[in-house]
Amino acid sequence: MKLALCFDNHRTDHHEVVERMCRAQSLHPGHTYRIMELPGGAIGCVTTSDRFSAVPHLLTSQGGNLLVVSGVPLLLSGALAARLQQICNLDHDAAGDALSQLDGAFAALHWDHAGRKLTIVTDFLGCQPLYQHMSEGVLLMATDIKGVMAAGGIDNALDPLGWGSFLSLGYFIDNRTSIQKVEIASPGTISVYDPRAGRLQQRSYWQWEAPAPELRLQEIDTGELVDQLEGHMRAAQEHNQAATLLLSGGFDSRLLLCTLLRAGITPRVMIHDHPDEDRNADGRYARAVAQRYGLVPEIITPSKGFFSSQEYLEFLSLNEITTPSLNLFIAQLSLCFKQRLDDSRDAGGPGLQAIWEGVGPGNSLYPSIQTAGGFDNYFRLLVPSREGPTWRSIRTVFAPALADEMYDGIQDVLARERKKYPDDEYGVRYFIMVTRVRNRAAANPLKIYANYVLPFTPGLSRDFMNAVTRIPYHLKYNLDLYFKIFRDQFPAAMEVPWCTGGVLISTRGRMNPVHRIYNAIEKMGLIEKIKKYPLAEAAARKLGGQPGLHQRNPLVEKIINAVDPDHTDLNGEGIRRIKTGQLPRSEDLQARTMLFYWQMWRAMMSGQPAN
């Protein structure tokens, strides 16, 4: 379910505003919406994959209260449906406290009819998308950015910090988005809005538990971790009992399969081939695992023309240019889910309704994107050099003053963010969870796939996240924790090698030596320097088993040819150099991709269709 909300003391057409917001977020013929008018405002809800849930996401009380829930909330003990009805009956203060006890990914709106107050609760990590705009006497909220923009009256001016972080890091930070006046709702927060006063009061309800830096591998109770995952799976089944497992050659999906089978749940299995990495090692290993457990998988074969197709433009409409997606094979899964949904509607059958997708929002048991030590080490890896090809490309595409504002904004916000956390591996981990994991890893299942299927992400609970985050980095980075889980709990699963992030790992837990060298080079930040030399980068990517550099895309060329080089956001001279092929090879592909994203974003935020 998607949310739309408008409270505005300066207008009376709240129903019409929310209807525009709902229409902008209805991205499939099966999406329907409903609008509830309230004193001083209106709330709308767009039915998407929640129609496959046995748990109601829209509830009312005899006293006039209203509860609308987006996402897949979990109650790890008891019946969720009954608990949501109880919460709906509560006043705004009690409802906020009760909603904050739920796990899973969700955002909830509760209207207290007697108190005339609205309570907004986000999940503890803020993984479920919710965007907002606030000004004097006005509160707008929606599950999609374009939902907020459809309300009207908001300038679609580019946010330099949002765009700088997207282009250089691959995700938003500090609750910023691509639009200056639209923010991401804060994670783990109870907000109470008084429409009469136009005032929003907020309080955080969750924080990380103390770390355990002295913890030794043999002291970790892997049975408890698996028990928690199993509990999440049983709670998810209250929503839907026919979920399909997305099985890869990696660790997370294999752990989910083993845990599901231990719980007595035999899932359908879907495998997406990945032929451009190590001769489809990811798909081959996934098939071997399915065969080992007597399962017959459905195989998805990627389309070579997907990223030049109308289907990719539709994906971008779902993604809203919030994370990089061009040539990332995982983007094609959304097309598969849409096709299954369309097929089931045509045939009148149940079809694909829910998926098991990853452990939590990702990167919890294996911190592949982290470095040892504190923020200096991590930012050295994370942030591209101002003189490197990424920022040279940004300066080529965007107006000089805007590019400088992007870079300076990134430096300032990173300096502020690091002060919120300890300057050690745990502080870095907390930062990663509320930035990259929340705004990038969680986007595919929760923002995109959820348009078509219910996304189940076992492990997205406070207890599980605290349990795995307190474990020292050195026990996870070399996969020691993962191998202990499999040795202790599922030794038979170790009979098949792994492929994770393009890296091959043997049944004995040994990383391919060539990939180990590549990973070491990457952790030292040298891949960014190698990008200055395209032939060297191509060789390094081949060495690391990574997909090769892609040739020019006809769709990208079509889109960037329509760009007005004199737009105030852009560097007119740089755009003309891009169009006439005058850039060096080290910058050309990256600059074209950035310009493509910008042009698509402009069209999208102006309400133009994806074509």
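A quick note: this is a predicted structure, and the numbers were derived from the prediction, not measured.
A side-chain donor-acceptor contact under 3.5 Å links N319 and T323. Donor-acceptor pairing under 3.5 Å is lacking for the side chains of S168 and T390. Counted by atom type alone, S308 and N553 present one or more donor-acceptor pairs between their side chains at under 3.5 Å. A donor-acceptor contact closer than 3.5 angstrom links the side chains of S461 and H232. Residues S178 and W601 bring a donor and an acceptor atom of their side chains to less than 3.5 Å of each other. Looking only at atom types and distance, the side chain of S191 has no donor-acceptor partner in the side chain of Q201 under 3.5 Å away. Defined by atom type and a distance below 3.5 Å, a donor-acceptor pair is missing between the side-chain atoms of S368 and Y477. The closest side-chain donor-acceptor pair between D569 and W598 falls under 3.5 angstrom.
When atom types are taken as modelled, the side chain of S165 and the backbone of G162 share a donor-acceptor pair closer than 3.5 angstrom. In this structure, S248 contributes its side chain and G250 its backbone to a donor-acceptor pair below 3.5 Å. Formation of a donor-acceptor pair under 3.5 Å by the T48 side chain with backbone atoms of N451 is not found in this model. Under the 3.5 Å distance criterion, the side-chain polar atoms of N571 are left unmatched by any main-chain donor or acceptor of V397. The main-chain N or O of S53 is never found under 3.5 Å from a side-chain atom of D50 such that the two would form a donor-acceptor pair. Proximity of a side-chain donor or acceptor of S325 to a complementary backbone N or O of A331 within less than 3.5 Å is not detected. Without hydrogens or angle criteria, N439 side chain to R436 main chain gives no donor-acceptor distance under 3.5 Å. Although no hydrogens or angles enter the test, the distance criterion places no donor-acceptor pair under 3.5 Å between the side chain of T457 and the main chain of G358. A donor-acceptor contact shorter than 3.5 Å is absent between the side chain of R199 and the backbone of D194. Not a single donor-acceptor pair under 3.5 Å links the side chain of D8 to the backbone N or O of L139.
For F7 and H14, the distance between ring centers is not under 6.0 angstrom.
Listed by chain and number, the residues in a salt bridge (charged side-chain N to carboxylate O under 4.0 Å, His left out) with R386 are D404, D408 (sequence neighbours excluded). Every residue meeting the salt bridge (charged side-chain N to carboxylate O under 4.0 Å, His left out) condition with D423, not counting sequence neighbours, appears here in chain and number order: R418. Annotation: ring pair (Phe, Tyr, Trp, His ring centres under 6.0 Å) contacts of Y407 (sequence neighbours excluded): W391. Under the rule for a side-chain contact (heavy atoms from CB on, under 4.5 Å), the partners of S26 that lie at least two apart in sequence or sit in another chain are H31, Y33, V46. Scanning for side-chain contact (heavy atoms from CB on, under 4.5 Å) contacts around N175 gives I184, S186, P187, R438, with sequence neighbours left out. Among residues two or more places apart in sequence or in another chain, the salt bridge (charged side-chain N to carboxylate O under 4.0 Å, His left out) test is passed with E311 by none. For T568, the side-chain contact (heavy atoms from CB on, under 4.5 Å) criterion is met by no residue, not counting sequence neighbours. By the ring pair (Phe, Tyr, Trp, His ring centres under 6.0 Å) test, H239 pairs with H57, sequence neighbours left out. With sequence neighbours left out, R429 forms a salt bridge (charged side-chain N to carboxylate O under 4.0 Å, His left out) with no residue at all. In this view, D144 and K2, Q25, L27, K146, E320, K447 satisfy the side-chain contact (heavy atoms from CB on, under 4.5 Å) rule, not counting sequence neighbours.
Ring orientation note: the planes of F166 and F172 are tilted relative to one another, at an angle of 30° to 60°. Ring orientation note: the planes of Y449 and F337 are nearly perpendicular, at an angle over 60° on the 30°/60° scale.
With salt bridges taken as basic N to acidic carboxylate O contacts below 4.0 Å, one links R592 and D588. Taking the charged nitrogens against the carboxylate oxygens, R462 and E209 have no contact shorter than 4.0 Å, which rules out a salt bridge.
Each of D252, L460, V468 was evaluated against V359; a single residue qualifies, D252, per the side-chain contact (heavy atoms from CB on, under 4.5 Å) test. With I43 as reference, L109 is the one residue of L3, L109, V18 to meet the side-chain contact (heavy atoms from CB on, under 4.5 Å) rule.
The shortest non-hydrogen separation linking M21 to V148 is CE-CA, 4.2 Å. Nearest approach of H274 to D282, heavy atoms of both residues: CB-CB, 4.1 Å. Between S70 and M1, the closest heavy-atom pair is OG-O, 2.6 Å.
Within a 6.0 Å sphere centred on NZ of K181, other residues, nucleotides and ligands contribute 12 heavy atoms or fewer. The number of heavy-atom neighbours closer than 6.0 Å to CD of Q411, taken from other residues, nucleotides and ligands shown, is above 12.
Each salt bridge (Lys or Arg N to Asp or Glu O under 4.0 Å) pair with one or both residues in residues 154-166, not counting sequence neighbours, appears once here: D159-R176. Listed by first and then second residue, the ring pair (Phe, Tyr, Trp, His ring centres under 6.0 Å) pairs that reach into residues 124-160 are F124-W206, sequence neighbours excluded.
Side-chain atoms of Q370 and K476, non-hydrogen and from C-beta on, never get closer than 4.5 Å to each other.
Rounding to the nearest 0.5 Å places CD1 of I120 at 5.5 Å from CG of L200. To the nearest 0.5 Å, atom CD1 of residue I321 and atom CE of residue M604 are 4.0 Å apart. One finds the CZ atom of F315 at 8.5 Å from the CD1 atom of I330 (value rounded to the nearest 0.5 Å).
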Point to revise | Steps toward side chain to side chain contact (heavy atoms under 4.5 Å, CB included) verdict (E557, F596) | key: CA-CA 8 Å; E557 296 305 299; F596 167 73; over 6 Å; no
